[in-house]
Every structure is written in structure tokens, then in C-alpha cells.
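A short write-up of the structure that comes next.
Throughout, protein chains are lettered first and strands after them, A, B, ... in sequence-line order, and every chain is numbered starting at 1. Given the structure is predicted, the values throughout are model-derived calculations rather than measurements.
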Amino acid sequence: MTKPTKPTKTEKHEDPSTKPSDLGPNRTGIATSPIQSKAAVQGAIDGCGEPSADGEELAKTRADHARGAPPVGTMPPPASMKGAAKAVVQAIKGNSAMAFLDLLGERLAFERTGTRLYDALLVKLEGADPRPNGPSREQLEDIRDDEMRHFALLRQAIETLGGDPTVITPSADVAGVAGSGWVQALSDPRTTLTEALKVVLAAELADADGWDTLVEVASGLGQEELAAQFSEAAVQEESHLMRVRAWVILAISGQVGIEPPQMAITDAGSPGVPAP
Amino acid sequence: MALDISKERGVALERQVFTWRELAGRPYSKLDDDAFTRVRVIFMNGIESEALRFSHSCARMNRALQEPLARVRRIEQHQQTMVNWLNPADQSPLETTIGFEQVAIEVTAALAQQEPDPYLAQVYRFGLLEDFDHMHRFAALLDRVEGKDANNLLQSYTDIRPGRPTVVEHRDPRDDLRRPYDRLKAQPITKLNALTLMAAEHQTHDYYMNVGPTFADPVARMLYAEIASIEEQHVTQYESIIDPDETWIEKWLLHELTEVYNYWSCVQQESNSRIKAVWERFLDYELGQLHFVGEVMKTVAGKDPAQFLPAELPDPIKFESQREFVRETLEGEVNLRASGADFIDVSQEKPDSLSVRYREQMNRDGSPSEIVAQGYCWTPGTELVRRVAGLGAAPTRRM
């Protein structure tokens, strides 16, 4: 029986105290192995004949498939068409009501996954060194709870329109596919708080824009009460975006050793104070 | 509608051809198609993957069969591709997992009810309650990590609630082996059921082993590792009920018969006409393959395939909600444990038994299936509906 090798030291890249920006043994990139890479480059040149980098056939085939493809799905018939719902849907009429419900379903799914993203971000915070300019647990919980309240607001709006808030609408489905990378990056125990904040910033950018669109659409369809509620949510989302963006700037400034912009310090807020 | 397999000759091997474009055809819709369309696609992929697995094993042990096996296997490869590629890209691996468990629950429950051998029916009910619990755990994972509702995949056909807790499903391998049917006495439906379930569980195992490490979440990674291990136990269980004294060629013939039976079952219940056409096409292909193997049996083994085949196929598998049967089984049998090839009540399980000791070792650092579903209760629209109800209004904002 062979004797198992006892590790004599922890490899640098396996040491939990190593930071992603530390110098380490990253082996990717052509410069890692000059001799081997020279041979690899020559091998490709010798084997390819006349190279062409435009991928024309690929684009043509994709377009061909896209032309014949049905959508990922459709909208279900209204769940309830009683009383207020009936009146609202009649006011909006036909396809506009379905398109509006599709959009509401997308926002709802986004807020639901957004809540889980902040749950994951709170876990990251627990494992990270404290940062003077935040985020603090209280600040993140505050935003997370906003996301959850927005989810509830959208449930109510969909029900008012006679829709079923548990449905995956086609737009919600596509947004779910697009956001799946965010969930992966946030739930990976190896990603840092800064990396996670950058991911959440991307989500907040999309979210803020999504709410602005919703306000415009509700207003355009004459749903002023909904538009007013959505406007309030949009303001809150804008403040989330401002804070997350500031935390990202502050974290990166710290990493590269530069003075953080004063505006970021202001926008980040005081760690003990919830978002404005 | 009965199917006389001696008269129906299907399509000859030479005419069973494909193009790449049709192999990667248009998928079903995750949102619009019936959940049982997804169930059938996942299920038939499992049947085809077993066809390939068996064919390779058989070829390694039988020189005379290598060429006919290779010819049929190439077609099975492309059949499996065409079926598996019907799964849409917007269905995430975790959502597909929910589909896998729905297959395990609904198909196992259907087979348990059509199984005439009472011991084997008990074996199926035993496995059923374990897969039923997996559904609860994976639904919790989908809800808590991705913020998604598993019922959007299940379409309310299947309950989401605990079964026999996954944490106690871990057994010593010697408690996973069962008694096989007797090839000379077993009814055709018994052989078809056993092979069908073994195939379905085997692909579930393989799927979890492939997708498990693609998750970033540490609990997801552990959960897939844990449940893949149970699926390995299930494969051990289901392959042990098949008579090991069947000859290789006899097994091959039974594999082809099982494929015919399963495609035939799909054809009769498919609601998507485009996908129904796939099942019809492959039913004809499988009939062609069955008769081809019958000829190989005559030539190579000098045996008449008719002695191994029923005159008519049994009734098709019922692809429908088995909610009441599952609930009754849960009520009466959730506390069963395995002891060798038999089933005992949990009260009879000795604290120093092989399985208890094994389970204690595996669960020593914590149980992923318990961690992920702690306090979980499925709620339409995800458990955030419950959570937000306790949240109250937003606090007054301060600068």
C-alpha cells in the first residue's frame, strides 16, 4: 500500500486568506508557457489553411433557426375576471392587458430572485472584513426587504388585473435565463464581497430600468394608481442602485489604493442608516 | 388499442436515418406544454440511455454480437439525442431535476399499481417514497437559491411535501439488493416494469452526477452528491430484481421490447402533436429493431424469439397524476426500512445494523437534504409569499 502524501504547505491559491488581486499561479493566457504556446500557435496556422474570422455560416444558421422558432411560451388566460379585475382589463383592452401582465410578471420574478440575491449577499457580508463605508448588514437587509415588498406590490397589481401572480410569463422566463449567472456568481462561496457587489450592481441597473419602464407603461395605459405605486418603488430602486454603485466604487478604490470619490462616500450612506 | 408485435414489423434498420438538423430539433415549451410531455421526454431519454449502456456492456462480452449491436446502437444513439434535445434551454438543470423527480414519482407509482408480483410492487413503493422526498428537497433548493416555484414545472399534478426523509435513505449496499423475478415464471409486464424503472433511475443517477458540480451554491453541490448516492442505491435495487440468469441475447431482446412498450405508451397519451410524431416514428424504429434482434437470436443462439415475447403488449403505462396512490403509500409505508432483501418497520431496525452505522458515518458532518429544507413548506409563488406577509410596511426612510 502506498503511503499518502502529506501536504507540507497550503498552496497559495487554496489559502482562504488569499485575495483575488494577489499575485498567484494563474496558468491561463498565452504568456504562461512561451515555448508551448509558440508551438501551439504554429500548429494552428499549419492546420487551418485560409482563416476567416467572420463566422458567416454560424450567423446564417442561427438566423435561419430564429426565423422558424416559436416564442418560449405564451400568456395564460386570466385567472379571475370578476369585479374590479374585469373593469380594469376592459379599460386596457385586449393584447395590451396581456403585454402589461407579461411585463408585471417579469418584474415580479426579478424581485423574487433579487430577494434571494440579497440573501446571498448577506452571507458574503458575514464572511468579509468590516468596511468603514459599508455595506452594513442593516443596509443590505433594508434593500432586501424593499425587494420583497416590491414583489408583494406586483402580486397585488397582477391580481387586480385578473392575472395569476404564480405564473412564469414569457418575459419572466427570459429574464430568469439572463439572470441565472448572477445567482451562480452570488452563491459561489469563493466569490468575494466586492465581486458579489459588482454582480448585484448589474442586477440593480437592470431593475431600476425595469421599474422606469413599468411606470411609463402603467401611465400610458391610464392606470394612474398603479403608476403612482410603481413610481414610489422606482425611487427606492434608484436609491438601491446609487448605494450599490457607491459600495462598488469604494471597494475598488480600496483595492487599487486611490482616494475614493467624495460622491461615492456620500451615496454609500452611513452604515447604520437604511437607504433613503 | 392493442399492439400485435408479431405482425407489426416497423421500419427496417436501413431506413432508420437522421440528419444533424433533426437531431437538434425544436424543443417543447417549458411554459406551454403539459408537464407529462416533459415527463415523457425525460423518461424516454432514460430508456434510450439504457439501450446504449446495455449495448456496450453486451458488446464487450459477446464477440458474435458486436456487429449487430453496433448497427442498432448507432440508431439508438441518435434516437436518444433527438429525444433529449427536446428539452428546452430555458429549463435550467435544477428545473430539469424537478422534471426528473416527477418522472420518478409518477412513473414509479403507475408501475407499482400495474405490477402483479406483490414483492416487486412493494419494492417499487419503497423506492417511490424516497424519490418523493427528493422532490421536496429540490423544490426547497429551487425556491431558496433561485427564487423559483417548482410547481410551475409540476403543474399541480404532483404533491411537494416530505416523504421518507432522505437523511435516513442511506443504506449499506447489502440492504439495497432485492430478490429477482424468475425469468421462466415472471409475466411479461413484470420484466417490462423492472427494466423500465432500472433505466429511469440509472439516467437520473447519471444526470445528477453530471450537473451536480455545475452548481456554485455549496448546499446545492452537497445535495446533488447526497441524492446521486441514493439514485445509485436505487439502480442497485432495481437491477437486482432482474433475473441474472437471462442470457445476453435474451436481455437484448427484452430491452428492445421495453423500448417498443414505452414508445407505444407515449404515442397514446402525447398531447403535443409534433412530439407525438417523434414517438410514432420511434415506435416504428423500435419494432424494426425488435424484429432485427429476433433474427439475430435465431441465427446466433438458435432460439425462437417468440418464446420470450408476449403475443400482445400489456396495457400502456398511465402517464397521469397518481396523487391518491402516492398519499396512501406515504401514509402506510413511510416508516419502512430495508433489511437485506426484506422490508421492516423502523422500530425493528437495530441501532448497530449495517445501514444505521453507514448512515451515521455519511451524515456525520451534517445532512444537506435536512439543511436545504429546514422549515420548508411549499407555497404557491414561493415561500417569499409567507415571508413578506410577516414583513410589515417599509420603515420611515432617513437620510
Query raised in the report: Just how far is it from atom CZ of A/R116 to atom CG of B/D217, taken to the nearest 0.5 Å?
Result: 11.5 Å
Requested in this report: Heavy atoms only: give me the nearest A/R155-B/P380 pair and the separation to one decimal.
Outcome: NH1-O, 4.4 Å
Report task. For B/R281, look at atom CZ and say whether over 12 heavy atoms of other residues, nucleotides or ligands are found less than 6.0 Å away. Result -> yes
Query raised in the report: What option among A/P71, A/S180, A/P189 has the most heavy-atom pairs under 4.5 Å with chain B?
Result: A/P189
**Report entry** Check: B/L391 and A/R149 side chains under 4.5 Å, non-hydrogen atoms
**Finding:** yes
Query raised in the report: Taking atom CD of A/E232 as the centre, does the number of heavy atoms from other residues, nucleotides or ligands within less than 6.0 Å exceed 12?
Result: no
Query raised in the report: Would you call A/E147 and B/V388 a side-chain contact if the rule is heavy atoms closer than 4.5 Å?
Result: no
Query raised in the report: Who among A/I168, A/D119, A/T113, A/L186 has the most heavy-atom pairs with chain B under 4.5 Å?
Result: A/I168
Query raised in the report: Which bit of B/D143 is near chain A, if near means a heavy-atom gap under 4.5 Å: side chain, backbone, both or neither?
Result: both
Report summary line: So, the part of A/V183 with a heavy atom under 4.5 Å from chain B: the answer is side chain
Query raised in the report: What is the distance from atom CZ of A/R112 to atom OG1 of B/T382, rounded to the nearest 0.5 Å?
Result: 5.0 Å
Query raised in the report: Is B/E22 atom CD crowded by more than 12 heavy atoms from other residues, nucleotides or ligands, each under 6.0 Å away?
Result: yes
Query raised in the report: Taking the side chain as C-beta and beyond, is there a heavy-atom pair between B/R21 and A/H65 under 4.5 Å?
Result: yes
**Report entry** Option in A/T61, A/V174, A/D64 with maximal non-hydrogen atom pairs under 4.5 Å from chain B
**Finding:** A/D64
Report task. Output the option from B/R144, B/R26, B/E146 having the highest count of non-hydrogen pairs under 4.5 Å with chain A. Result -> B/R144
**Report entry** Between A/G176, A/A69, A/P70, the one whose heavy-atom pairs under 4.5 Å with chain B are most numerous
**Finding:** A/P70
**Report entry** Residues B/K148, A/D173: salt bridge by 4.0 Å N-O rule
**Finding:** no
**Report entry** Reported CZ-to-CZ distance for the pair A/R144 and B/R387, which is rounded to 0.5 angstrom
**Finding:** 4.5 Å
Report summary line: Applying a strict 4.5 Å limit to non-hydrogen atoms, the region of A/R190 in contact with chain B is neither
Query raised in the report: Any chance CZ of A/R62 has more than 12 other-residue heavy atoms, nucleotides or ligands included, within less than 6.0 Å?
Result: no
Report task. Could you tell me which portion of B/R221 (side chain, backbone, both or neither) has an atom closer than 4.5 angstrom to a non-hydrogen atom of chain A? Result -> neither
Query raised in the report: Side chain, backbone, both or neither: which part of A/D145 has an atom under 4.5 Å from a heavy atom of chain B?
Result: both
Requested in this report: Can you tell which part of A/T169 gets under 4.5 Å to a heavy atom of chain B, answering side chain, backbone, both or neither?
Outcome: backbone
Report task. Could you check which of B/G147, B/S29, B/P27 has the highest count of heavy-atom pairs closer than 4.5 Å to chain A? Result -> B/G147
**Report entry** Toward chain A, the part of B/P88 with a non-hydrogen atom under 4.5 Å
**Finding:** neither
Report summary line: Applying a strict 4.5 Å limit to non-hydrogen atoms, the region of B/V219 in contact with chain A is neither
Query raised in the report: Can you check whether A/T74's main-chain N or O pairs, donor with acceptor, with B/D32's side chain at less than 3.5 Å?
Result: yes
